[in-house]
Amino acid sequence: MVMILKERVIENRIMGDPIQMLYKMVISGQAAQTATPGQFVHLQVADSNEPLLRRPLSIAGIDKNTEEVTIYYKVIGKGTELLTRIKENEYISVLGPLGTGFTVPDSGELLLVAGGIGIFPLLSLIQAVDKEKVKLKLLWGGENKQFIESAGLIDIEKMGVNLDMSTLDGSLGTKGLVTDLLESYLGDNTDTIAKPKDNGKQNLRVATCGPKGMLQAVTKICLGHNVPVEVSLEERMACGIGACLGCVCTVKDLEGNLKRKRVCKEGPVMDGKEVVWDE
Amino acid sequence: MVMILKERVIENRIMGDPIQMLYKMVISGQAAQTATPGQFVHLQVADSNEPLLRRPLSIAGIDKNTEEVTIYYKVIGKGTELLTRIKENEYISVLGPLGTGFTVPDSGELLLVAGGIGIFPLLSLIQAVDKEKVKLKLLWGGENKQFIESAGLIDIEKMGVNLDMSTLDGSLGTKGLVTDLLESYLGDNTDTIAKPKDNGKQNLRVATCGPKGMLQAVTKICLGHNVPVEVSLEERMACGIGACLGCVCTVKDLEGNLKRKRVCKEGPVMDGKEVVWDE
Amino acid sequence: MSKVSMAIQMSGLSLRNPIITSSGTYGFGEEYSPFCSPSLLGGITVKGITPLPRLGNPVPRLAETPAGLLNSVGLENPGLEGFIRSYLPKLVELDTSVIVNISGFSIEDYAHLASAFQNDSGIAALEVNISCPNIKHGGMAFGTHPESAQEVIAIVRKNTDLPIIAKLSPNVTDIVEMARAVERGGADIISLINTLLGMSIDVKSQKPILANKMGGLSGPAVRPIAVRMVYQVYEAVDIPIVGMGGISTWQDAVEFMLAGASAVSIGTANFINPIAPVDILTGLENYCQQRGYGSVQEIVGLAHQR
Amino acid sequence: MSKVSMAIQMSGLSLRNPIITSSGTYGFGEEYSPFCSPSLLGGITVKGITPLPRLGNPVPRLAETPAGLLNSVGLENPGLEGFIRSYLPKLVELDTSVIVNISGFSIEDYAHLASAFQNDSGIAALEVNISCPNIKHGGMAFGTHPESAQEVIAIVRKNTDLPIIAKLSPNVTDIVEMARAVERGGADIISLINTLLGMSIDVKSQKPILANKMGGLSGPAVRPIAVRMVYQVYEAVDIPIVGMGGISTWQDAVEFMLAGASAVSIGTANFINPIAPVDILTGLENYCQQRGYGSVQEIVGLAHQR
Ligand SMILES: Cc1cc2nc3c(=O)[nH]c(=O)nc-3n(C[C@H](O)[C@H](O)[C@H](O)COP(=O)(O)OP(=O)(O)OC[C@H]3O[C@@H](n4cnc5c(N)ncnc54)[C@H](O)[C@@H]3O)c2cc1C
Ligand SMILES: Cc1cc2nc3c(=O)[nH]c(=O)nc-3n(C[C@H](O)[C@H](O)[C@H](O)COP(=O)(O)OP(=O)(O)OC[C@H]3O[C@@H](n4cnc5c(N)ncnc54)[C@H](O)[C@@H]3O)c2cc1C
Ligand SMILES: Cc1cc2nc3c(=O)[nH]c(=O)nc-3n(C[C@H](O)[C@H](O)[C@H](O)COP(=O)(O)O)c2cc1C
Ligand SMILES: Cc1cc2nc3c(=O)[nH]c(=O)nc-3n(C[C@H](O)[C@H](O)[C@H](O)COP(=O)(O)O)c2cc1C
Ligand code: FES
Ligand code: FES
């Protein structure tokens, strides 16, 4: 159930290297009860008209017992800057959980491909997947070592995820793009990949989040290998609940007709195959 | 010299009965150096566009040694509410000292007439007057006892000011309006009042601040008794320095011509005699 | 204290209370139901419908400005048939007055759209959005030309027996002239304002933020312009007014009613506070009660006295 | 890093840099001198001058709105003679380009005002405010009627050899039509926008806040409308543009220049930050430097590419 509530912020702190401007916020409240991986919350960051709109942030962690959701955010403008000013035990207006999240597989292999802060929504998926039944692998590309460490590398390693990294400057993992990692991974793992006529036997799936260009490249690579891929999209949002049509993404249906889907409602997670990337 | 500076707030606290919403703020900085009684500072209360404009507040205390100015304010809207949130040692943008203040007499008698929070600008005058040379008397009218006590009664008594009070509900001083106090005071003190042809012998002056209706009444009474009166006016302000013509007051010159004066520049203190009250 | 009567009668349109939600900001009535029961509202206005389905404009469709929002949705909608098939049945089940907003690109479009909605369609009124370009006449918006506006309303009048709300564009030199034109055309009610044409440019990319370059400005920033127009129109026409443009608090709603609006419509504010309409209704009712009005209708136009 | 050339050439008007201050917000140049040396500015524009002195409107003249300011000063000014006697001598001593803003209520007013200022008056240009009502023709503002606007500019053209800046009103259906009209009339430069007509009502007193009821809206709230108009006018005319309306940061100034303004003017922002023009200038220069422009003129109109 979607709700709008004043929820208590129980943690709000900068993570790692201050230059990265990455923050972790834990919010106590009912949003945790029904949240699923890949959904987001729409937060009111100001009690004035500046900025006017709420800010969408992915749910990165869900704890139904303690009723807590965790979000991670990077400061990029006025809205996220105001978020950093919220003190522990202050209240914030939370609209959510919103949107349609990732498919959580219960068998086979799940490959996560993250670009930069695109790791955040994938964290909730890592948390939700039954690691006994599903083989989990994460490919993560970032600017440099400082970024990846600040964005929570140690915590991710603690979650027991098999992880390959790339950085633009080579300061951690392979030097290059995460799509390079993906190419070689899919090349090396042709056995788990479904063949064209292999319906129902597809035991490798990809879930990805990152900059739009990366998502497009990841989708292309995956579809080239006939691997199903779910992409978590971002778009400027106003209402966050499907009412304003501000956040659409274009999709092509089976008959080749163009349609719009709302990133906030039918998304943010979409089937990579149907997304029209260059409109 | 008028300046615009980021000045440090060294005190900002509520005074007395919380219901009165009266605050005292002490700002450390250069505005104190040149400030004179009756001038004001123009404070930036928000770092956003809400509210858009600065807020004018009278300088109630000037300490040139410690370089501190004191202001007192009542919370009435968004701007003054934001002022209360400023913490000690935070900085605030101060434009000032601005405007033309009170005449500070060096002999004779000065009668101060304050309505409600109109006491605040008069405090700087009380502070400035040489009480050895000038006989000082304050008539102060307020809503009730709680208001007058919260607005700093004890401090004023400490300054050794001869004080008569009135309240609307009679909970302190005389029951009624401050103009009643004024009427009877002037009636009882006809000896210090200059006679029509008595040029140069006027040894009683009045300085007043309060709601517009009260200022008008005080002026009428004073002029009726031939006592010169200076009124401290309020008007909505934008620039605060005479550039926008937003804050004018109408005056009549000796030939009876109507003219505009800027409350922020030629005022806020004006000669009561020339103010056109009902335009 | 005695109860205030909140019902509003506007030439043919009776509303439970004066709080409506605005076209394009409230989807098709479902999206906000979890937060704000439609049965609490005076009415809801649905997204603008055109004869054929429209994909609307590419993204980005949104840009924030100081106290304002630019949008260039471009009238994305399922088209008349799609609307009647997929949305209307659920809408008419809602316990509120449903207002259908129609948009056309020619006089014929409006005639066609209007004829699809009648008194027995289960809806309360038709709102006619005349801010669209008239593609047969050089793309000039109907709503910026008194004769075209009058013509659109007249053709709608001919084709439906529902109450007609003519929604005015603020992008005009003389709003009064436009209001008089739609009154002549046969409008029962006037609503205003639609969005103001605006633009925002990104200094990094050096390009307009909106894919469509220009968009419609809404939100608190436009309120003083909207209030002024309601005030002017109130003095010029004899039909009631639905006021909108930047209403986000009950004070704003009162401001519009004092200016002359019989009802008010909430748009952009829903995005920030999904229960804004109810908050505003509560505040409006308290205001009337505290000042001893027996009916909310008593405050309409009070700012014109003296 | 090499220095950016900040000078701007606009048909007959050469400015040290593109930052001007706006009429009515900067007094007669003296008030802000303690904070902001005129020698740092491209130019300053003085309060609108009319043939006779004017007391202007009663107070309240100001009302705040979300990210905006309503004013109804009502053209208070010392009149042409008073201005020339009491203010002009000091103004021409300032080390900056002085632009005199003139306002009239008839064609004759403009002719009279224009003839008082010539190339040898020590000022840099005349800005013609055409937003005033034409009292001989039913009070319709010159600036809302293309023929009247053209006529005003043409008569000013006849009466002065100074560069003429035609200042457009945004309260029009078609800003492009107005821009073309003043270009035809002989304007050398176009400035826009003047204020948008607005109103604010006090829910306590139930009356308009401004004594004059309506006033002009300025400040950040109007910026998207102003940017859109600059963008449109840039595509329609061949003369340069001075952009204004809600500029308070260097990013805002860049936005206007990308939209097509050769220079920008700062109004309401001065009230909040008396050194806003210098802050903006510094930011603008840095922007150009970091992006490797040799001259600030290179960014003018860039948002129109593709
Ligand atoms: C579904 C969803 C989930 C998201 N999850 C996260 C998250 O977990 N962590 C995180 O750090 N960020 C996340 N984002 C992005 C985040 O919403 C934006 O960074 C934030 O809204 C920027 O606000 P601001 O006021 O700080 O910056 P602004 O000043 O508003 O914007 C700065 C720049 O950011 C871009 N931008 C603004 N709003 C959006 C938006 N809604 N979507 C995309 N780009 C935008 C614009 O290009 C703008 O120029 C998510 C966005 C979406 C849509
Ligand atoms: C020269 C001068 C000196 C002042 N000195 C003091 C002082 O020492 N202590 C103090 O508490 N207050 C003082 N005031 C009044 C103070 O400036 C206002 O109370 C304050 O600006 C209100 O801001 P706000 O945002 O809280 O309220 P707002 O929400 O802006 O306004 C609430 C109401 O206050 C009135 N108001 C708003 N601005 C002004 C203004 N500039 N002048 C008069 N009325 C206004 C309006 O009627 C409005 O409806 C002074 C005003 C002036 C002009
Ligand atoms: C995202 C969005 C979409 C809109 N779509 C329509 C529409 O389809 N038809 C219409 O008549 N008005 C439309 N409008 C205008 C609103 O109905 C309303 O007139 C305007 O936003 C002013 O009100 P506000 O400031 O409260 O939002 C839209 C506004 C927004 C913000
Ligand atoms: C208080 C005030 C007075 C103004 N007076 C004039 C004037 O006399 N003549 C004129 O052409 N414009 C006048 N304007 C309009 C400004 O010059 C400018 O066009 C407008 O305010 C938009 O810019 P801004 O948003 O930066 O203030 C005035 C504006 C304000 C706020
Ligand atoms: S943000 Fe409104 S529909 Fe998605
Ligand atoms: S506030 Fe601008 S002239 Fe006084």
Side-chain angles (χ1 to χ4, degrees), chain B residues 1-6 34 42-56 76-79 93-99 212 233-252 257-267 275-279, chain D residues 21-36 44 46-48 53-78 204 209-211 215 217-221 223 246 248-249 267-276:
Chain B
M1 217 194 71
V2 187
M3 280 174 294
I4 169 169
L5 289 164
K6 283 268 179 195
T34 54
H42 213 24
L43 302 182
Q44 189 171 349
V45 293
D47 60 357
S48 73
N49 291 319
E50 252 172 306
L52 187 66
L53 300 174
R54 289 171 176 267
R55 292 293 184 263
I76 60 159
K78 175 107 184 165
S93 167
V94 177
L95 180 59
L98 300 176
K212 199 163 182 180
L233 298 175
E234 284 196 9
E235 193 46 64
R236 286 157 180 265
M237 291 182 178
C239 70
I241 61 165
C244 74
L245 307 183
C247 68
V248 296
C249 132
T250 311
V251 298
K252 200 179 248 168
N257 299 320
L258 293 185
K259 284 174 43 179
R260 306 281 198 205
K261 284 194 171 174
R262 296 164 295 184
V263 172
C264 68
K265 188 91 179 176
E266 287 82 38
V275 173
V276 178
W277 296 99
D278 327 274
E279 197 198 348
Chain D
T21 57
S22 304
S23 177
T25 69
Y26 222 67
F28 290 113
E30 276 174 31
E31 292 79 1
Y32 280 104
S33 303
F35 311 104
C36 186
I44 64 178
V46 300
K47 177 71 197 166
R54 285 173 58 89
L55 279 178
N57 292 322
V59 290
R61 289 180 173 184
L62 301 170
E64 274 173 292
T65 68
L69 171 66
L70 284 170
N71 89 80
S72 62
V73 169
L75 278 173
E76 175 181 341
N77 79 91
K204 283 209 200 87
I209 294 182
L210 300 177
L217 183 66
S218 65
R223 197 169 69 233
S248 34
T249 66
T268 304
N270 295 302
F271 305 155
I272 297 102
N273 176 13
I275 57 167

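All chains are named by letter (A, B, ...) in the order of the sequence lines, taking the proteins before the strands, and each is independently numbered beginning at 1.
Checked by atom type and distance alone, the side chain of B:Arg260 pairs as donor or acceptor with a backbone atom of D:Gly56 at under 3.5 Å.
In this structure, the portion of D:Thr268 lying under 4.5 Å from any heavy atom of chain B is its side chain and not its backbone. Proximity to chain B is limited to the backbone of D:Tyr26, based on heavy atoms less than 4.5 angstrom apart. Interface remark: D:Pro274 contributes backbone and side-chain atoms alike to the contact with chain B (heavy atom separation under 4.5 Å). When heavy atoms are compared at a cutoff of 4.5 Å, D:Ile209 approaches chain B solely by way of its side chain, counted from C-beta outward.
Shown are D:Val73, D:Val59, D:Asn57; of these, the side chain to side chain contact (heavy atoms under 4.5 Å, CB included) with B:Val248 is made only by D:Val59.
Annotation: maximal heavy-atom pairing with chain B below 4.5 Å, among D:Gly24, D:Ala63, D:Pro66, occurs at D:Gly24. Of the listed residues (B:Ala243, B:Gly246, B:Cys249), the one with the most heavy-atom contacts under 4.5 Å to chain D is B:Ala243.
Salt bridge present: D:Glu64 and B:Arg55 bring a charged side-chain N and a carboxylate O closer than 4.0 Å.
For the pair B:Arg262/D:Glu31, a side-chain contact is recorded, criterion being any heavy-atom separation below 4.5 Å from C-beta on. Contact of the B:Cys244 side chain with the D:Thr25 side chain is not registered, since no non-hydrogen atoms from C-beta on lie closer than 4.5 Å.
The line from NZ of B:Lys259 to CG of D:Leu55 is 10.5 Å long, rounded to the nearest 0.5 Å. Interatomic distance, CG of D:Leu69 versus CG of B:Leu53, reported as 5.5 Å (0.5 Å rounding). Summarising the geometry, atom CG belonging to D:Asn71 is positioned 9.5 Å from atom CG belonging to B:Leu245; distances are rounded to the nearest 0.5 Å. The distance from the CE atom of B:Met237 to the CG atom of D:Leu62 is 10.0 Å, given to the nearest 0.5 Å.
By the side chain to side chain contact (heavy atoms under 4.5 Å, CB included) test, B:Leu98 is found to be paired with B:Val2, B:Phe40, B:His42, B:Leu95, B:Ile241, residues two or more places apart in sequence or in another chain being considered. By the salt bridge (Lys or Arg N to Asp or Glu O under 4.0 Å) test, D:Glu76 is found to be paired with D:Arg61, residues two or more places apart in sequence or in another chain being considered.
The minimum heavy-atom distance linking D:Pro60 with B:Arg236 is given by the pair CB-CD, 3.9 Å.
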